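Below is one structure, written out as structure tokens; comments come after it.
Quick caveat: nothing in here was measured; it's all calculated off a predicted structure.
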Amino acid sequence: MIVALDHIAIAVPDLDAAIKRFMDDFGITFNGTEDVEAAKTTTAFFPIEGTQIELVHPLNGEGPIAKYLETRRGGIHHICFRTDDILGDVEMLKEKGYIFLSDAPSPGAHNSQVIFIHPKCADGVLIELNQAADEH
């Protein structure tokens, strides 16, 4: 079951500049970065009242974020809902006709499990489901 808005992910072409902007200009606490090999991203975390902003940047210039940035200069990439039963939610959503970008959840940041819903199923919005490591 969906239990929270986990994060909003923003694709950025210059991770260092974006981190500086969120820290210095907006005064949001920076909580470090993590390379997510499975997604080919480097992600910077900014927790903010019950959720977080994640800045995502291509790891080694590869992966879906690199392709996204080839056609756009950056911007909101996806929203992520936290779930306490990712496999159950995937099954329920597939029964309702949702299409996923992969067959099964894969490793995400902080040892979570993640899966993405195709944007054509959600009014053009890429939606990620995320189950925390301590919940799977």
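Using a 4.5 Å heavy-atom cutoff, the side chains of Lys40 and Asn60 are not in contact. Taking the side chain as every heavy atom from C-beta outward, Leu15 and Val56 never approach each other to under 4.5 Å. A heavy-atom distance below 4.5 Å is found between the side chains of Leu5 and Phe81.
The side-chain contact (heavy atoms from CB on, under 4.5 Å) test applied to Ile53 returns Ile8, Ile10, Phe22, Phe46, Ile48, Leu55, not counting sequence neighbours. Scored by the side-chain contact (heavy atoms from CB on, under 4.5 Å) test, Lys67 finds no partners at all (sequence neighbours excluded). Not counting sequence neighbours, Thr33 has no partner by the side chain to side chain donor-acceptor pair (under 3.5 Å) test. For Leu87, the side-chain contact (heavy atoms from CB on, under 4.5 Å) partners two or more places apart in sequence, or in a different chain, are Asp85, Pro105. Here Arg72 pairs with Tyr68 under the side-chain contact (heavy atoms from CB on, under 4.5 Å) rule; sequence neighbours left out. Looking at residues two or more places apart in sequence or on another chain, you find a side chain to side chain donor-acceptor pair (under 3.5 Å) between Gln52 and Glu54. Evaluation of the side chain to side chain donor-acceptor pair (under 3.5 Å) rule for Asp14 yields no partner, not counting sequence neighbours. With sequence neighbours excluded, the residues satisfying ring-ring contact (aromatic ring centres under 6.0 Å, His included) with His7 are His78. Under the ring-ring contact (aromatic ring centres under 6.0 Å, His included) criterion, His110 pairs with Phe45, not counting sequence neighbours.
Connection of Val114 to Ile99 is not established within any shared hydrophobic cluster, with ILVMFWY side chains joined at heavy-atom distances below 4.5 Å, either directly or through further cluster members. The hydrophobic clustering, which links ILVMFWY residues whose side-chain heavy atoms are closer than 4.5 Å, places Val125 and Ile65 apart.
Within a 6.0 Å radius of CG in Leu101, other residues, nucleotides and ligands contribute more than 12 heavy atoms.
Sorted by first then second residue, the side chain to side chain donor-acceptor pair (under 3.5 Å) pairs that include residues 21-32, not counting sequence neighbours, are Lys20-Asp24. Pairs of residues two or more places apart, or lying in two chains, that qualify as side chain to side chain donor-acceptor pair (under 3.5 Å) and include a residue from residues 87-98 are Thr83-Asp89.
Across all their heavy atoms, His57 and Val12 have their closest contact at ND1-O, 2.8 Å. Across all non-hydrogen atoms, the minimal contact from Ile115 to Ala104 is CD1-C, 3.7 Å. Considering all non-hydrogen atoms of both residues, Cys121 and Gly97 come closest at SG-O, 4.4 Å. Here the closest non-hydrogen pair linking Pro107 and Ala38 is O-CB, 3.6 Å. Contact record, Ala109 with Glu34: CA-OE2, 3.5 Å, taken as the closest heavy-atom pair. Taking all atoms of both residues into account, the shortest heavy-atom contact from Cys80 to Asn130 is SG-CB, 3.3 Å.
Atom-to-atom distance recorded for Ile86:CD1 and Glu128:CD is 8.0 Å, nearest 0.5 angstrom. Within the model, atoms CD1 of Ile127 and CD1 of Ile79 stand 5.0 Å from one another, a figure rounded to the nearest 0.5 Å. Separation of atoms CD (Gln131) and OG (Ser112) is listed at 9.0 Å; rounding is to 0.5 Å. Taken from CD1 in Ile19 to OG1 in Thr42, the straight-line distance is 9.0 Å, to the nearest 0.5 Å.
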Worksheet entry | Pair Leu93-Ile117, side chain to side chain contact (heavy atoms under 4.5 Å, CB included): steps then yes or no | CA-CA 9 Å; Leu93 290 168; Ile117 297 171; 4.0 Å; yes
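Side-chain contacts under 4.5 Å among hydrophobic residues (ILVMFWY), followed directly or transitively, place Met1 with no other residue at all.
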